[in-house]
Amino acid sequence: MVDRYDFKRIEKKWRNFWEERGFFKADIEDVEHKLYYLNMFPYPSGEMHVGHGRNYIIGDCLTRFYLMNGYNVLNPMGWDAFGLPAENAAIKHKAHPKKWTYDAIARYKEQFRDMGVQFDWDREVTTCEPEYYKWTQWLFLKLYEKGLAYRAAALVNWCPSCATSLANEQVVGGACERCGTPVTKRNLTQWFFKITAYAERLLRDLESLKEWPERVKLMQRNWIGKSEGAEVEFKLADREGSLKVFTTRPDTLWGATFMAIAPEHPLVEQILKEERDERLQEFVERVIRVSEIERGAAEAEKEGYLTGWWAINPVNGERIPIYVANYVLLGYGTGAIMAVPAHDERDYQFALKYGLPVIPVIKRPDGLAKSFVLPGSVRKGFAEALRKAGIEFTTRPDREGGEALYVTLKGEAQIDRYIELVKAYLLPGNWNEVVGARFAFIFPEGVMELDSVAADREILARCKELEPRVRDKRTVMEILWEVEFYRDLLFHAEYGEMINSGELSGTPGEAAIKRTIAWLEGHGCGKAAVNYRLRDWLISRQRYWGAPIPIIYCEKCGIVPVPEEDLPVLLPDVEVVTKEGLAGIPEFVQTTCPKCRGPAQRETDTMDTFVDSSWYYLRYISPHDQEKPFDSRLVNKWLPVDQYVGGVEHAILHLMYSRFITKALKDMGYLDFDEPFARLFTQGMVCLGGQAMSKSKGNIVSISEVVEGYGADTQRVYTLFMGPPEKDIEWSPTDISGSSRFLKRVWQLVNDHLEEVRGAPGTIDPARLEGSDRELWRELNRVIKAATEDIRSFHFNTAVSALMELVNGLYDYIAEAGAGAGRINIPLLKRALEDLVLLLSPFAPFICEELWERLGHREAVLENRWPSYDERALAVEEREIVVQVNGKVRGRLTIPVELAQDQEELKRRALELGPIKRQLDDHRLEKVIVVPGKLINLVVK
RNA sequence: GCCGGGGUGGCGGAAUCGGAAGACGCGCUAGCUUCAGGAGCUAGUGGGCUGAAAGCCUGUGAGGGUUCAAAUCCCUCCCCCGGCACCA
């Protein structure tokens, strides 16, 4: 009688075993077989749920697997312990965030132990400990020394709810990443890290990260947002000064007919001061007040205000007006743009709205043009002439009984021919125009091209003379826009041959940008430029619970960094934390200047917690070193991290910051590698009820409830079995019973045969196995191979299913043998059961340790080598060959392997099959396709 | 709008070097067991036709194509998820 699978008793028995035996302590000096496995460390808060568990279960499974494969695995754990939730909770409960944080840490540790998730706790790192944040401050000082940390006044993101400024990366869709409150802007003097100095390397080195998910690299690429183009200087008209713009399309410069600047642009201030234009003031204030979210919406109506100031287009000397416009962003490029309405959609909309000239300067690559011919504007016979010339057109009768012509033209030659015909047929008092590949107006006295702002004025004036109905139009484009038929050809944003561009006219599209930049450089009004979307990292936080920025302000000496030997700048020990943070603690603020010993004040901002986590992976190597932040010698041996695993929500924030800090430390000579994480795996979230588990949504499945109800082993197996680990997945309270049942079956299976197996010899001679023994042997080897490869490649779900197949196979084998089909081969069974336990142990360590002991072993599972398989055992004697007729399966052949490669033999046997014969009646065999060892396809007619 | 990822039974998912679609598990159906447990065992389970079986038809978001053969390759479209989004 086998005792029932009592997971509670078993898990309790083994819970502390691995830690006591020290299996998870890495030998830091042995780098030969080193493997640095790292899970992103958690922000300790409340209880862990099964979604958090996924991350650590993957890590523990892999660690156990690699330990059994002979690796010296370092898998450390620590706490990202500074942060707002702790502080907010502390303010609310009038307590200290420390207590809240350490309580959570204690609970997390307990839950890790409950899950059997093991770490080397000697290497535990806690970012809110002075022994840690001392070195975060050291990092700040080093960056400051190198000019990579600087203080500047800037318009920064501000979260009113968290009462602190935020980095760009922490603003998601215009709202605070932490609390979801819409972010506002404030002009503040803050500390920044100069991540933009590394923009190019952060972008370029993504190429070298071969083992990172493509989507993460893509997100970073987008975030860095590199664009190449030119910087062009526009002199102000009638006064000193100039406006610089960045453009990716310098080839369209000749078409710049106005400029637009962001409402926050410094020039706006100057204009306001000189012009005292109250309506401009109102406009600017109104636009700035509108939140980023609304302004950011692409559908938002483009609005502008004419400042009355003018600039000179440097390429053609054209005077163009300067607008303040809501669609120009201060944070990108120079905060000012040259507007080319003919080739930029936003500029086009704006030009139509405000009646600004639109001058095409890039030829349409498709060569299409159109013309609309009003009835009565040409002599009779025009349509006939077009027909003869092979020009396409359609007609539509108008109210007065005339016929309007809708002409579509393709190519230069046809357009020229058409213009000649119009000239010949045009009646006095009329005009006609061609738009698209050419913008030409044919008047009785001659043809005018829309090739400059001056031409726009002349053509407009002439049209007004001829047609009273267009007298209210402000530009030629407004007239054309009225004709529905033209609309799709009035604007394009493609690359193409330059036209109407002075001496550069005729430059082909491929050379246009390059040649224009050369031209600009030659004329001293511009140069090639690269622009990045990435902004410097704002690290100041007006909060208490973070690492104080080690800076002192002295009236005499100015900004003075705290000397290294004075670190850490300790967080003042207060009983209760308030909203004022450090600024509200005078004992902290008042200090003496390290240089002149005079009275001075401390910086009261703390650092963004992402600074803490940007270097923690270095600290694990020497976590308690009092002398230095990390041991360069060992760090250079152990890093980059071999395998990093965490949530995709850190794709930009944490991963980008860490890459930046690593590069900066490398440049300072502390590290000899460029990238901190060689391989990255981003695991998916666990959902319930279609939504990510979260306390606020109340859809949490807690680890303790699952461990209590099913046991940690079941939780682990189910977590790894439920789907591919990179995918988001739904936690199913019913599906978990499958994993529970599986472990029960394993329990039963092993316990049923303890007696026979325990004393039996372990050696088997595979060559002498026959029948079902041989099949079992093959199955065992197949499963070892599959599970091993699957674990290595993060396919835990299929690894588990392979083990389930092995268990099913073992039950079948025993049932068959027991029914008299043969005798159970005890050494074989022993081998299979033992290998099963070893293979299952990374997934379900508790039950495996217990079974291993029951199987008579005195050493721990982890002291054994991972089972190996024999390639020869996978060979089969017979193959099943699929027989298809016209690609459809009609039968099967079981054939000895030697013959399975023999095309003629396969064909002969296939044709003998009954169902195949039937299929072939009344048909002629056309062709036979043989895939040796697999399939034969008979093609018949 | 742009860029990624994806769409396979009632459900989670296998199979992607083009070669048996649906491994494994959940659920469901029938039967057996009764140590009544949060049980276990056996058989079946994509849909349809046929009394059952054999057999046939059909089937991987939709449509088309390439091929002896397509979940897998190509084209068009639809839907879902994620990222970026007036980026000049």
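Just so it is clear: chains get the letters A, B, ... in the order the sequence lines come, proteins before strands, and each one is counted from 1.
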Please tell me which of the listed nucleotides, B/C86, B/C24, B/C87, lies nearest to the side chain of A/Asn326? B/C86
Starting at atom CG of A/Asp6, determine the distance to atom P of B/C35, rounded to an integer number of angstrom. 21 Å
What integer number of Å spans the P atoms of B/C11 and B/G61? 13 Å
Lys/Arg N to Asp/Glu carboxylate O, A/Arg745 vs A/Asp752, below 4.0 Å: no
Selection from B/A88, B/C84, B/C26 that lies nearest to any side-chain heavy atom of A/Ile652: B/C84
Lys/Arg N to Asp/Glu carboxylate O, A/Arg4 vs A/Asp6, below 4.0 Å: no
Considering residues, nucleotides and ligands other than A/Glu705, do more than 12 of their heavy atoms fall under 6.0 Å from its CD? yes
Between B/C86 (C1') and A/His343 (NE2): distance, integer Å: 19 Å
Closest of B/A88, B/G13, B/G25 to the A/Ile337 side chain is B/A88
Protein-nucleotide distance (A/Phe794, atom CZ; B/A14, atom P), rounded to Å: 16 Å
With rounding to whole Å, what would you report as the distance between B/A53 and B/U16 at their P atoms? 32 Å
Would you please confirm or rule out a distance under 4.0 Å between OP1 or OP2 of B/C87 and any side-chain N or O of A/Arg346? yes
Shortest side-chain distance from A/Val882, nucleotide among B/A20, B/A88, B/G4: B/A20
Spacing between A/His265 atom NE2 and B/A88 atom P, to the nearest angstrom: 17 Å
Just to be sure I understand the rule, does A/Leu803 reach a base, reach only the sugar-phosphate, or reach nothing, if contact means heavy atoms closer than 4.0 Å? nothing
For B/A23, does OP1 or OP2 lie under 4.0 Å from any side-chain N or O of A/Thr798? no
B/G65 and B/G9, which share atom name P, separated by this distance in whole Å: 24 Å
Charged N to carboxylate O below 4.0 Å: is that the case for A/Lys527 and A/Glu233? no
Would you sketch RNA chain B in dot-bracket for me? Only Watson-Crick or G-U wobble pairs with both distances under 3.5 Å count, crossing pairs as [ ], other-strand pairs as |, the rest as dots. (((((((..(((......[....)))((((((.......))))))((((.....))))..(((((..]....))))))))))))....
A/Ser227, nearest nucleotide to its side chain (from B/A88, B/G12, B/C68): B/A88
Determine: side-chain N/O of A/Asn808 to OP1/OP2 of B/G25, distance under 4.0 Å, yes or no. yes
Have a look at A/Ser732 and say if it touches a base, only the backbone sugar-phosphate, or nothing, with a 4.0 Å heavy-atom cut-off. nothing
To the nearest 0.5 Å, what is the distance between CG on A/Leu202 and CG on A/Leu655? 11.5 Å
Are A/Phe681 and A/Phe794 an aromatic pair by the rule of ring centers under 6.0 Å? yes
To the nearest Å, give me how far apart CD (A/Gln170) and P (B/G83) are. 16 Å
Ignoring hydrogens and angles, answer whether the base of B/C68 and the side-chain atoms of A/Asn937 contain a donor-acceptor pair closer than 3.5 Å. yes
Would you tell me if any nitrogen or oxygen in the side chain of A/Arg533 comes within less than 4.0 Å of OP1 or OP2 on B/A85? yes
Base B/C68 to side chain A/Lys927, donor-acceptor N/O within 3.5 Å cut-off: no
Can you tell which of B/G25, B/C26, B/G83 lies closest to the side chain of A/Asn222? B/G83
Between A/Lys8 and A/Glu708, is there a side-chain N and carboxylate O pair less than 4.0 Å apart? yes
Assigned chi class of B/G9 under the 90° convention is syn
Which listed nucleotide (B/A23, B/G12, B/C86) is nearest to the side chain of A/Tyr327? B/C86
Identify which nucleotide among B/A23, B/G38, B/G19 has an atom closest to any side-chain atom of A/Glu805, counting heavy atoms from C-beta outward. B/A23
Using a cut-off of strictly less than 4.0 Å, decide whether A/Arg741 has a side-chain nitrogen or oxygen near OP1 or OP2 of B/G27. yes
Examine B/A39: is either OP1 or OP2 under 4.0 Å from a nitrogen or oxygen in the side chain of A/Lys744? Give yes or no. no
P atom, B/G63 versus B/U72: distance in rounded Å? 13 Å
What integer distance in Å separates A/Leu806:CG from B/A23:C1'? 15 Å
B/U34 and B/U29, which share atom name P, separated by this distance in whole Å: 23 Å
If the P atom of B/G25 is compared with that of B/G44, how far apart are they to the nearest Å? 14 Å
Contact class for A/Glu345 vs. all strands (heavy atom < 4.0 Å): base, sugar-phosphate, or nothing? nothing
Taking A/Val648's backbone N and O only, do any of them form a donor-acceptor pair with A/Arg215's side chain (distance below 3.5 Å, no angle check)? no
Parallel, tilted or perpendicular, judged at 30° and 60°: which one describes the rings of A/Phe491 and A/Tyr348? tilted
Of the candidate nucleotides B/C26, B/C41, B/G19, which contains the atom at the shortest distance from the side chain of A/Arg745? B/C41
Is it the case that A/Arg533 and A/Asn222 place a side-chain donor and acceptor less than 3.5 Å from each other? no
Please check the phosphate of B/A14 (OP1 and OP2 only) for any side-chain N or O of A/Asn797 closer than 4.0 Å. yes
Go through B/G13, B/G19, B/C86 for me and flag the one nearest to the A/Leu329 side chain. B/C86
Is it true that atom NZ of A/Lys353 has more than 12 heavy atoms of other residues, nucleotides or ligands lying nearer than 6.0 Å? yes
With rounding to whole Å, what would you report as the distance between B/G7 and B/A88 at their C1' atoms? 37 Å
Rounded distance in Å between the C1' positions of B/A14 and B/A71: 12 Å
Rounding to a whole Å, what distance do you find between A/Phe7:CZ and B/G38:C1'? 9 Å
